[in-house]
Amino acid sequence: MNKLMTTGLALALTSLLAACGNNNTAATNGAGTDNAATPEATSAGAPTELVVSTWGFSEDFFKEAVYAPFEKEHNVKIVVEIGNNAERLNKIRQGSSDVDVVYLSDYYAQQAINEGLFETIDRSNIPNIDKIYDIAKAPLGEEYGPAYTVGRLGIAYNPALVDGEVGSWADMWSKFDKNLALPAITATAGPMIVDAASLVSGGTEFNEDGAFTKLKELDSNVVKYYSQTSEYVNMFGQEEIAGGPIMEMYFKDLQAAVPDAKFVAPSEGAYAVMNTVNVVKGSDNKELAEEFINWQLSQEVQEKSAKAKVDSPVNTEVVLTDEEAVGVTYGAEVISKLRKLDMSFVNEHISVWTDRFNREIGG
């Protein structure tokens, strides 16, 4: 079996972190209240403050559909800290944040696990885990939080600007002519492109030398190694690029600019992009945090998220129409074909890959 990943995943498709200490003014919402109390102890009194660290997208949706109902049900005041993966993880590392629950991509969540920054979870407090795809139940081990959403990284392209139909990762080497965009090596999808290049180089085992040989061949066709998806979207809309690898959830933005745009899951397999939810080490609200994770995995939240095109669902009880499923990674058949990177392996090698990329390719 390939060291870097597992393929042909069976039906299946993320992080509550808890930090010790008192609440501080680094939180962006809400006033500070006592933090060391169980849901039962505060159900009839002042609300318990639960600090949630997450990204800044779809804030209104999360406030109305996810946070507000949970606050009402559990007598909780949710305080939100916003930032990208690296910024928020660094705050937890430095002890400059009182986060209870943290949302991180699996790549960054694995780093937190390696550094002992997460609490182990009690799965009996999160019964909705039994209702999600297998791939999402324990993406980084049974002791840690599930993936609450799974997306897929495939290839989007403008048919008017490429040479024929695109259907495989290998087509990036033959059908794009100096009009390709690739994720930067340090982006979440960077290691996936290293693996895809290894696939194209031949063989079933991950081959670092083969991967970098193929990436060097492709470099002359790359217009941009993008770190922000907005860069890709803007260049695609202005026809500065014909396309390249991107997460399916952003395809709607590409299609709004180029109605004939296409998104494909390459024949070798699209890559699973998983966001996890975990409890931070030392949280005074561990059980409440686990309750919150359970709520995030519920059919109600998962269905609302999917229909709003905010997150792809992992709850197997969510049912979407064909129209609702457009741009969403949805369904057992789709999930079963995803390729999943071994994030422990990736984190062991990413510094070497980054250094090698910067020396041999640049961008």
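Values in this document were obtained by computation on a predicted structure and should not be read as measured data. Sequential numbering from 1 along the given sequence is applied to the chain's residues.
Using a 4.5 Å heavy-atom cutoff, the side chains of Gln111 and Arg93 are in contact. At least one side-chain heavy atom of Leu254 sits less than 4.5 Å from a side-chain heavy atom of Val233. Within the 4.5 Å cutoff, side-chain heavy atoms of Val80 are placed close to those of Thr54.
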**Item:** Evaluation steps, salt bridge (charged side-chain N to carboxylate O under 4.0 Å, His left out), between Lys63 and Glu59
**Value:** CA-CA 6 Å; Lys63 182 177 180 180; Glu59 292 182 66; over 6 Å; no

**Request:** Run the numbers on Glu333 and Lys337 for salt bridge (charged side-chain N to carboxylate O under 4.0 Å, His left out), then give the verdict.
**Result:** CA-CA 7 Å; Glu333 183 177 358; Lys337 296 177 181 178; 3.5 Å; yes

**Request:** Might you work through the side chain to side chain contact (heavy atoms under 4.5 Å, CB included) test for Phe70 and Glu291, ending with a clear yes or no?
**Result:** CA-CA 9 Å; Phe70 187 84; Glu291 287 267 13; 4.0 Å; yes

**Message:** Before you tell me yes or no, could you show the steps for Asp195 and Tyr271 under side chain to side chain donor-acceptor pair (under 3.5 Å), namely the whole-Å CA-CA distance, both residues' side-chain angles and the distance that decides it to 0.1 Å?
**Reply:** CA-CA 10 Å; Asp195 184 74; Tyr271 288 89; 2.6 Å; yes

**Prompt:** Do Thr229 and Met247 pass the side chain to side chain contact (heavy atoms under 4.5 Å, CB included) test, and can you show the C-alpha distance, the side-chain angles, and the key distance before you say yes or no?
**Reply:** CA-CA 9 Å; Thr229 305; Met247 284 183 61; over 6 Å; no

**Message:** Apply side chain to side chain donor-acceptor pair (under 3.5 Å) to residues Glu248 and Thr329 and explain how you reach the verdict.
**Reply:** CA-CA 7 Å; Glu248 184 177 21; Thr329 304; 2.9 Å; yes

**Request:** Take Arg356 and Asp209 through the salt bridge (charged side-chain N to carboxylate O under 4.0 Å, His left out) test and state the conclusion after the steps.
**Result:** CA-CA 10 Å; Arg356 186 167 182 177; Asp209 290 336; 2.8 Å; yes

**Item:** Glu81 and Arg88: CA distance, side-chain angles, deciding distance, salt bridge (charged side-chain N to carboxylate O under 4.0 Å, His left out) verdict
**Value:** CA-CA 8 Å; Glu81 289 194 354; Arg88 295 184 293 107; over 6 Å; no

**Item:** Verdict with supporting geometry, Asn114 and Gln110, side chain to side chain donor-acceptor pair (under 3.5 Å)
**Value:** CA-CA 6 Å; Asn114 293 347; Gln110 183 65 59; 2.9 Å; yes

**Request:** Could you go through the side chain to side chain donor-acceptor pair (under 3.5 Å) check for Asp219 and Tyr225 one step at a time?
**Result:** CA-CA 10 Å; Asp219 181 58; Tyr225 291 97; 2.6 Å; yes

Donor-acceptor pairs are to be reported for all side-chain atoms of residues 176-186 against protein atoms at under 3.5 Å, with residues two or more places apart or in another chain.
from   : atom 1 : to     : atom 2 : distance (Å)
Asn179 : OD1    : Asp177 : N      : 3.0
Asn179 : ND2    : Leu161 : O      : 3.0

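The main-chain N or O of Phe292 is never found under 3.5 Å from a side-chain atom of Gln296 such that the two would form a donor-acceptor pair. With hydrogens and angles disregarded, a donor-acceptor distance shorter than 3.5 Å links the side chain of Ser198 to the backbone of Asn207. Lys252 places a side-chain N or O within 3.5 Å of a backbone atom of Met249 that can act as its donor or acceptor partner. Under the 3.5 Å distance criterion, the side-chain polar atoms of Thr48 are left unmatched by any main-chain donor or acceptor of Val76. Not a single donor-acceptor pair under 3.5 Å links the side chain of Asn234 to the backbone N or O of Glu231. Looking only at distances, a side-chain donor or acceptor of Trp295 sits under 3.5 Å from a matching main-chain atom of Val66.
In Gln228, the CD atom is not crowded: 12 or fewer heavy atoms of neighbouring residues, nucleotides or ligands sit closer than 6.0 Å. Within 6.0 Å of the CD atom in Glu323, the count of heavy atoms belonging to other residues, nucleotides or ligands does not exceed 12. More than 12 heavy atoms of other residues, nucleotides or ligands lie within 6.0 Å of CG in Asp130, so this atom counts as buried by the packing criterion. For Lys131, the NZ atom counts as loosely surrounded, since its 6.0 Å shell holds 12 or fewer non-hydrogen atoms of other residues, nucleotides or ligands.
Cluster partners of Val326: none. The rule joins Ile, Leu, Val, Met, Phe, Trp and Tyr whenever side-chain heavy atoms lie under 4.5 Å apart, and it links nothing here.
Taking the side-chain hydrogen bond (donor to acceptor under 3.5 Å, both in side chains) definition, one finds that Glu300 meets it with Lys304, sequence neighbours left out.
In this structure, Tyr133 is not a member of the same hydrophobic cluster as Leu320, with clusters built from ILVMFWY side-chain heavy atoms closer than 4.5 Å. Ile92 and Ile113 fall within the same hydrophobic cluster, defined by Ile, Leu, Val, Met, Phe, Trp and Tyr side-chain heavy atoms under 4.5 Å apart, directly or through other members. Following chains of ILVMFWY side-chain contacts shorter than 4.5 Å, one can reach Ile335 starting from Leu297, so the two form part of one hydrophobic cluster. Clustering ILVMFWY residues whenever any of their side-chain heavy atoms sit less than 4.5 angstrom apart, transitively, puts Val319 in a cluster other than the one holding Val314. No single ILVMFWY cluster, assembled from side-chain heavy atoms under 4.5 Å apart, contains both Ile132 and Val334.
Relative ring orientation between Phe57 and Phe62 is described as perpendicular, the plane-to-plane angle rising above 60° on a 0-90° scale split at 30° and 60°. Ring geometry, Phe345 versus Trp353: the interplanar angle falls from 30° to 60°, so the pair is classed tilted.
Under the 6.0 Å cut-off for aromatic ring centres, Tyr148 and Tyr103 qualify, their centroids lying closer than that.
Counting only N and O atoms by type, the side chains of Glu324 and Tyr330 include no donor and acceptor under 3.5 Å apart. A donor-acceptor contact under 3.5 angstrom links the side chains of Asn125 and Glu290, judged on distance only. For Ser344 and Asp342, the side-chain atoms include no donor-acceptor pair closer than 3.5 Å. Glu165 and Tyr157 share a side-chain donor-acceptor pair at under 3.5 Å.
Minimum heavy-atom separation, Pro266 to Val264: CD-O, 3.3 Å.
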